[in-house]
There are 2 protein chains.
Amino acid sequence: MNDASKYEEPARLLKALAHPTRLCIVAGLLNDSCNVNKMKECLNLPQSTVSQQLAILRNQGIVDGVRHGTEVFYKVANEKVKDIVKVLLDDEEIVFK
Amino acid sequence: MNDASKYEEPARLLKALAHPTRLCIVAGLLNDSCNVNKMKECLNLPQSTVSQQLAILRNQGIVDGVRHGTEVFYKVANEKVKDIVKVLLDDEEIVFK
DNA sequence: ACATAATATTATAATATAGTATTTTTAAAA
DNA sequence: TTTTAAAAATACTATATTATAATATTATGT
């Protein structure tokens, strides 16, 4: 029993979340969407770093982005992830501002 | 805002879960405790591998073990983790057998 | 004390991830 | 169409993780 393959996908999902920056990004997007520049300011990280972390989240379908002109607005795209992050962070309100 | 330090602990917790073998172990322990030998049989992995993964889970307080003679019976020691794993795996019943 | 069973630890090679400077793409404005 | 801004992709070094063999520990039975 317990073939590990069954756990590979969910493990990949958790792994994508399991980084302070990425977790912070997802937490910040729980209630409001946000563009990369604002995130980079809030997170105090180079743009390339933020974009790379966003790419990891995008690859797992955790977030997706919509372009408006030069900006891309991201939001959380996975309900299960929303629930997990809320449980993990005790349902606190977090917003990029 | 959004100092990353706030997310370091929860990220560490997720990281410890974010591996197919470790996730499988935790899922298998959700309802019943189990000793290492049985786990190693179920998982079809060397004993050292299972013990190492258990050590990672123990270090994050995700599981703990009680020794009975030569055997150590493990159980999940963190309620938040139970909830997260149930949400992640759609609440399916998983047992080592 | 010695043998045996169950579990833990250590060491290490292979692989993966993290961070960031640099370059490229995309879109709007001059 | 050139310039500028925002975001993505690339390249590369440093660090971390994984898997597992080998060894050590812990507890029991003889």
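If you're wondering where the values come from, they're calculated on a predicted model, not measured in any experiment. First the proteins, then the strands, lettered A, B, ... as listed; each starts at 1.
If you take OH of A:Y74 and P of D:dA6, they are 15 Å apart, rounded to a whole angstrom. In this structure, A:H68 atom NE2 and C:dA28 atom P are separated by 11 Å, rounded to whole Å. The nearest whole Å value for the distance from the CZ atom in A:R58 to the P atom in D:dA7 is 12 Å. C:dT17 atom C1' lies 17 Å from atom CG of A:L14, rounded to whole Å. The CD-C1' distance, from A:E41 to D:dA6, rounds to 12 Å in whole Å. At whole-Å resolution of the value, CG in A:N35 and C1' in C:dT26 are 15 Å apart. Rounded to an integer number of Å, the gap from CG of A:L54 to P of D:dA9 is 11 Å. Distance NZ (A:K40) to P (D:dA8): 13 Å, rounded to an integer number of Å.
Scored by the salt bridge (Lys or Arg N to Asp or Glu O under 4.0 Å) test, B:R58 finds no partners at all (sequence neighbours excluded). Contacts of A:R67 classified as salt bridge (Lys or Arg N to Asp or Glu O under 4.0 Å), with partners at least two apart in sequence or in another chain: none.
Comparing atom distances between the A:V36 side chain and each of D:dA9, D:dA7, D:dA5 picks out D:dA7 as nearest.
Among the heavy atoms of the strands, none lies under 4.0 Å from B:F73.
The phosphate of C:dA5 has neither OP1 nor OP2 within less than 4.0 Å of any side-chain N or O from B:N37.
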Using a 3.5 Å cut-off and no angle test, enumerate the donor-acceptor pairs between side-chain atoms of residues 80-88 of chain A and protein atoms at least two apart in sequence or in another chain.
{"from": "A:K80", "atom 1": "NZ", "to": "B:L88", "atom 2": "O", "distance (Å)": "3.1"}
{"from": "A:K80", "atom 1": "NZ", "to": "B:D90", "atom 2": "OD1", "distance (Å)": "3.0"}
{"from": "A:K80", "atom 1": "NZ", "to": "B:D90", "atom 2": "OD2", "distance (Å)": "3.3"}
{"from": "A:K82", "atom 1": "NZ", "to": "A:E79", "atom 2": "OE2", "distance (Å)": "3.4"}

Taking distance alone, no hydrogens or angles, what donor-acceptor pairs closer than 3.5 Å link side-chain atoms of residues 39-51 of chain A to residues at least two apart or in another chain?
{"from": "A:K40", "atom 1": "NZ", "to": "A:N37", "atom 2": "OD1", "distance (Å)": "3.4"}
{"from": "A:Q47", "atom 1": "NE2", "to": "A:S51", "atom 2": "OG", "distance (Å)": "3.1"}

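A donor-acceptor pair under 3.5 Å links the side-chain atoms of A:R22 to the main chain of A:A16, judged by distance alone.
The closest side-chain heavy-atom distance from A:Y74 to A:D64 is not below 4.5 Å. For the pair A:L29/A:K75, no side-chain contact is recorded, criterion being any heavy-atom separation below 4.5 Å from C-beta on.
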Can you give me the N/O atom pairs linking the protein to nucleotides 1-3 of chain D at distances under 3.5 Å, or say none if there are none?
none

Checking B:Y7 against A:L89 for the side chain to side chain contact (heavy atoms under 4.5 Å, CB included) test, could you report, in this order, the C-alpha distance in whole Å, the side-chain angles of both residues, the deciding distance, and whether it holds? CA-CA 9 Å; B:Y7 298 94; A:L89 301 177; 3.7 Å; yes

Side chain to side chain contact (heavy atoms under 4.5 Å, CB included) evaluation trace for A:I62 with A:V26: CA-CA 8 Å; A:I62 292 172; A:V26 174; 3.9 Å; yes

Given protein heavy atoms under 4.0 Å, the one-letter contact record of nucleotides 17-25 of chain D, with B base, S sugar-phosphate only and - none, is simply SSBBBB---

